[in-house]
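Sharing a structure below in structure tokens format, with a few things to ask.
Both ligands and their constituent atoms are indexed starting at 1 by order of listing. Atom set for the values below is all heavy atoms of this structure, side chains included, hydrogens, waters and symmetry mates excluded. Positions are given from 1, in the same order as the sequence printed here.
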Amino acid sequence: MSDRALITGITGQDGSYLAEHLLREGYEVYGLARWTSTSNEDRIEHIRDDLNLLTGDLADQPSLDRAVEAADPDEVYHLGALSFVPESFTQPTVTSNVTGLGTTRMLEAIRKYDPEIRFYQAGTSEMFGNAPDERQSIDTGFYPRSPYGVSKLYAHWMTVNYREAHGMYATNGILFNHESPRRGTQFVTRKITRAAARIAVGEQDELRLGNLNAKRDWGHARDYVKAMHLMLQQDEPDDYVVGTGEHHTVRECAQIAFDEVGLEWEEYVKVDEKFFRAAEVDALQADPSRAKRKLEWEPTTTFDEMIREMVQKDLAAVRSDD
Ligand code: NAP
Ligand code: G4F
């Protein structure tokens, strides 16, 4: 009998890549998707017939209980969240409820149904925030700078607590930024690659951005979902930091994206105060040595390759809209 996995947030960037990966690995894949008035299934349309979708909301315990029971999974990958940092300042209590308490609800649903189910929590480098260390490892202290980061830190410790209190196989993956052509269009890399493509074909005049000096450790989502899967295949549950170990500025991202379409970024990018954050995380850079050693995981795509791939996909999309 094949292994069964339940993915919350299956309609998101990571959910779609993880579903593809698990299907390739021979899993029967279930996904929790919330009800929406129009379809939110664009990213999984190509594999829709191979998936078992269940409706539910992370704010609603009964729907989560039902989803766990219906999927009867061996592994749960909990990726569902309100994941856009600026919006978490606008909607702090929804963020706390969905991103924070939603994790407790999933852990409770599992504990009640079958505490042997393995659980992955989608942790984030945003929990490090104003980190004291130049490179962040599992030993770095946490200092989140947004309602999103605070909610994820709560979820992180709940995951540790269910492991220690109930003996559950509950694992935190602390993932640094990862992107792809499926990234939401408000996140800075995709905002840039899409704008570069649109400007190149004359559909947009300029690109307004916030802090160009912010540094992030950006990898490719396709690589990072493999690390999630590996984490749940270990003998014992543990917590892992996953990133490339390199960081780049938003400015560098713009340089590469505009170079890919043969344009000078300075001619099109304008700094707009509107996109500065109430509290910024200036720089994040992973120390992924433990994940590399214990999981034998390596990123395969460079930052430059990824941004160019995203621009090419955005160019193809804008051209096909014509
Ligand atoms: P994403 O594209 O924003 O996907 C988030 C998913 O959560 C979507 O499927 C969304 O559904 C779902 N969701 C939101 N609110 C929900 C609710 N109330 N009930 C049920 N589902 C809900 O995020 P991502 O980039 O794939 O990231 C996956 C996870 O990893 C998130 O938890 C994120 O916080 C975390 N993470 C991401 C990164 C990164 O760089 N990408 C790094 C570290 C951690 P809809 O499609 O209906 O909106
Ligand atoms: O792309 P971002 O919005 O991603 P951010 O805030 O780092 O969060 C992402 O990565 C986290 C992992 O560390 C995830 F947990 C989280 O769910 C999400 O996926 O912004 C990156 C940087 C920030 O410093 C921001 O201030 O880019 C800077 N930036 C500059 N101009 C901008 C813009 N960000 C956005 N979204 N839009 C701008 O115009």
Quick check on T8 - does any of its heavy atoms sit under 4.0 Å from an atom of ligand 1? no

Partner set under side-chain hydrogen bond (donor to acceptor under 3.5 Å, both in side chains) for N52, not counting sequence neighbours: none

Just distances here: any N/O of L79 and N/O of ligand 1 closer than 3.5 Å? yes

For ligand 1, note which part of R34 has a heavy atom under 4.0 Å away: side chain, backbone, both or neither. side chain

N/O separation below 3.5 Å, G15 to ligand 1: no

Proximal ligand 1 atoms for G80, defined as those under 4.0 Å from one of its heavy atoms: 7 (O)

Report the residues that fulfil ring-ring contact (aromatic ring centres under 6.0 Å, His included) with Y169, sequence neighbours left out, ordered by chain and then residue number. none

Could you tell me if R183 sits above the aromatic ring of F187, with its cationic atom closer than 6.0 Å to the ring centre and no more than 45 degrees from the axis? yes

Backbone or side-chain N or O of N177 under 3.5 Å from ligand 1 N or O: no

Atom 30 (O) of ligand 1: closest protein heavy atom, distance to 0.1 Å, is A122 CB, 3.5 Å

Should K152 be listed as contacting ligand 1, given a heavy-atom distance under 4.0 Å as the test? yes

Under 4.0 Å from a heavy atom of T11: give me the atoms of ligand 1 that qualify, with their elements. 8 (C), 9 (O), 11 (O), 45 (P), 46 (O), 47 (O)

Mark the output for F84 as yes if a heavy-atom distance to ligand 1 is under 4.0 Å, and as no if none is. no

Regarding ligand 2, does T189 bring an N or O atom to under 3.5 Å of one of the ligand's N or O atoms? no

Would you say R183 touches ligand 1, if touching means a heavy atom closer than 4.0 Å? yes

Between V98 and ligand 1, which residue portion shows a heavy-atom distance shorter than 4.0 Å: side chain, backbone, both, or neither? side chain

Is there at least one pair of N or O atoms, one from A59 and one from ligand 1, spaced under 3.5 Å apart? no

Which residue and atom name correspond to the protein heavy atom nearest atom 8 (O) of ligand 2, and how close is it? V85 CG2, 3.7 Å

